[in-house]
Amino acid sequence: MSITRQKAIESAVQYLTGTEAEFVRGKIDEYFGMNVFGEEEMKARLPKNIYRAVRKTMEEGEPLDFSVADVVATAMSGWAVERGATHYAHIFYPLTGSTAEKHDSFYSPDGKGGLITEFSGKQLIQGEPDASSFPHGGLRATFEARGYTAWDVTSPAYIMEGRNGTTLCIPTAFCSWNGEALDKKVPLLRSMQALNRQARRVLKLFGHDDPGMITSNAGPEQEYFLIDRSLYFARPDLVSAGRTLFGAKPPKGQQLEDQYFGTIPERVLAFMMEVDTILYKLGVPVKTRHNEVAPAQYEIAPVFESSNLSTDHQQLIMQTLQRVAPRYGLACLLHEKPFAGINGSGKHLNWSLGGPRVGNLLTPGDTPHENMQFLVFCAAVIQAVNKHAVMLRGSVAGAGNDHRLGANEAPPAIISIFLGEQLDDVFRQIAAGSVKDSRRSDMLSVGVDTLPPLPKDATDRNRTSPFAFTGNRFEFRAVGSSQSIAGPQVVLNTILAETLDYVATELEKASAKDPVEFNEAVQVLLKKMINANSQVIFNGDNYAESWVSEAEKRGLPNNRNTVEALDGMDIESCYSVFEKYNVLSRGEVHSRFEIYREKYVKDVLIEADLTLNIARTMIFPAVVRHQKLLAEAATAVNAAGVQACTAALENVTALNVELQQAIKELESEIEIPDGTPGEQSHYALETLIPVVNRVREIADKLELIVADDLWPLPNYQEMLFTR
């Protein structure tokens, strides 16, 4: 074993006997939300009329009267300063997909040698970070640097605790000087607004005169890997690319299927408990934690919240995972495929819509065939996904996710919908012309007298489907673990708004003609929608090779990688639907295509550079040393009068020649030619990636034959099982 690897493992083993960071003890309900300027704090600190105005904005989407901003700012800053805050930060989510923040002090010189606390309504409402270094996709000229952050009232401010103090964090939207969206929050809020308008039109037809604000809701499941931090820093590819660019398959991976829901290692559990505590204090309703399928892979999942709040909380979850891990000598990997040959990580997006007055609109009830309102909203989702599958696929495009989508643990790039036996049967009856009944839930007997009968769901779950109905929501399983959930929700909200607009328009016509025949009109419309969109419904095995040819026969798009996905999404119907519902202007849509293509090219180029550097400076020298040892051994054996076997030397020499040739080819191809982002993305996909893969293929063969003490990189066995 190399000295570098040995020291890294020794450090890991020694840490296991160390003391973890101090754990906060107490009942969860005593500290849940304690770091949030939420309803309890607002009610206690704001005048009643101001409190009511803020709540009306949050609950009903009413415009905020900015005359109240100074009052809110004073109360908010007073609360934060009491909690030890010296600075406030406008938190925003640029198109990098990460979280950004700019910190400003509450304190200003008073002109007399002292300080005064200063935080006005204007400072709360609007900030001005320099927008010049954030991706904009041509929305502004290079020299136009001004950008604004605007307070998002619907997502509460919170205190972020640090080692040496606290900071007041204010969720904001980020836009350019001309008002174009430069972030992920603005289009998400716009899409929720569009969905609210169209859903209320449909609900009014079903007798809800005042349904209240309808919002989409989300509950994302976050998968991630944890490896020892010492081993992490011994892997330049993990540090800079987030995934291993080299690594032979270990003897043990996940083939024994003993990882999933297995006992959580002690150090990992201590880490999880601190993560939970921090998130509880921030009001994030995390619910689930467990071992995932692959070794060193885990999951954390919150319960449902409004899409905007859930998106902000999801960013906090990722940030907290990565901040806390080093305290336990760990590194948290959020890349979709950090290790080849084992499961990658996704972020299953559980998505629904509803409101306090109408409940969850995707709840079928005990007799779904009799629940017309549910069937209409469900059919609308089916039509939206079928019509705009390329948009949904494009919303999860990315270089990292390309390594995961279509693999054994992830849904393929073909977007289809799983409904389950019960709901599929109902819609088949609708398509045939009449609905008589639906399959009912039953009781499940396990065959053990001491165990009670268990309620049995009306349908099984399909873990291979990219978009599955799971009882009262849809689960979009194609989202990557490092991605923001904002993009997929913007698409889902917008395309559903379009379909609900169509539904409302059709039913309003029927209702105007003869209100008595409304039920019949609904049935006619449902039949029409299901017959037109049934090709997207598939309840079988999405991993089966036969599904690819079957999907092609059905006319379903199969955009297998990011380049194809973005090209497929760059069509008029995508521009027009965003534009029609005021979610994104034509220029804003185009800017995102440019940004995501540029990011894809940069990600591939970073990996290519890393592959070249590691292969030249770490792997090749190790192979040469191994060759030298074999050659010296053969010479010594021959000198002793015995014919040396040189098969091992010949094998490693041949592979080393191949490695040098592949390195030379990569050196010649690594420069991305000038051209549009689209042209460059095709070059990265079609020319650069195959050469990078060739270098890895040869290096991974060499890892299995080069002396272990010479190999410079921690191997998969060490990284995945050193706990």
- Query: Would the number of heavy atoms belonging to other residues, nucleotides or ligands and lying under 6.0 Å from CD of Glu552 be above 12?
  - Reply: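 No, not enclosed.
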
Regarding [X] and [Y], does a basic nitrogen lie under 4.0 Å from an acidic carboxylate oxygen?
X: Asp501; Y: Arg197; result: no
X: Lys204; Y: Asp209; result: no
X: Glu221; Y: Lys287; result: no
X: Arg554; Y: Glu550; result: yes
X: Lys184; Y: Asp312; result: no
X: Arg586; Y: Glu572; result: yes
X: Glu564; Y: Arg393; result: no

- Query: Shortest non-hydrogen contact from Ser681 to Val563?
  - Reply: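 Shortest heavy-atom separation between Ser681 and Val563 comes out as O-CG2, 3.5 Å.
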
- Query: What are the two closest non-hydrogen atoms of Thr172 and Asp183, and how far apart are they?
  - Reply: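 Shortest heavy-atom contact: O-OD2, 4.3 Å.
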
Flag for [Y]-[X]: side-chain donor and acceptor within less than 3.5 Å:
X: Gln222; Y: Ser481; value: no
X: Gln489; Y: Ser307; value: yes
X: Gln315; Y: Thr99; value: yes
X: Thr154; Y: Asp152; value: yes
X: Asn472; Y: Thr363; value: no

Would you indicate whether the side-chain heavy atoms of [Y] and [X] approach each other to under 4.5 Å?
X: Phe593; Y: Cys574; result: yes
X: Phe474; Y: Cys378; result: yes
X: Leu496; Y: Val381; result: yes

- Hey, mind stepping through Glu588 and Arg190 against salt bridge (charged side-chain N to carboxylate O under 4.0 Å, His left out) and telling me if it holds? CA-CA 13 Å; Glu588 288 170 329; Arg190 290 174 182 169; 3.0 Å; yes

- Query: What is the distance from atom CZ of Arg201 to atom NE2 of His208, rounded to the nearest 0.5 Å?
  - Reply: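 Those atoms lie 16.0 Å apart.
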
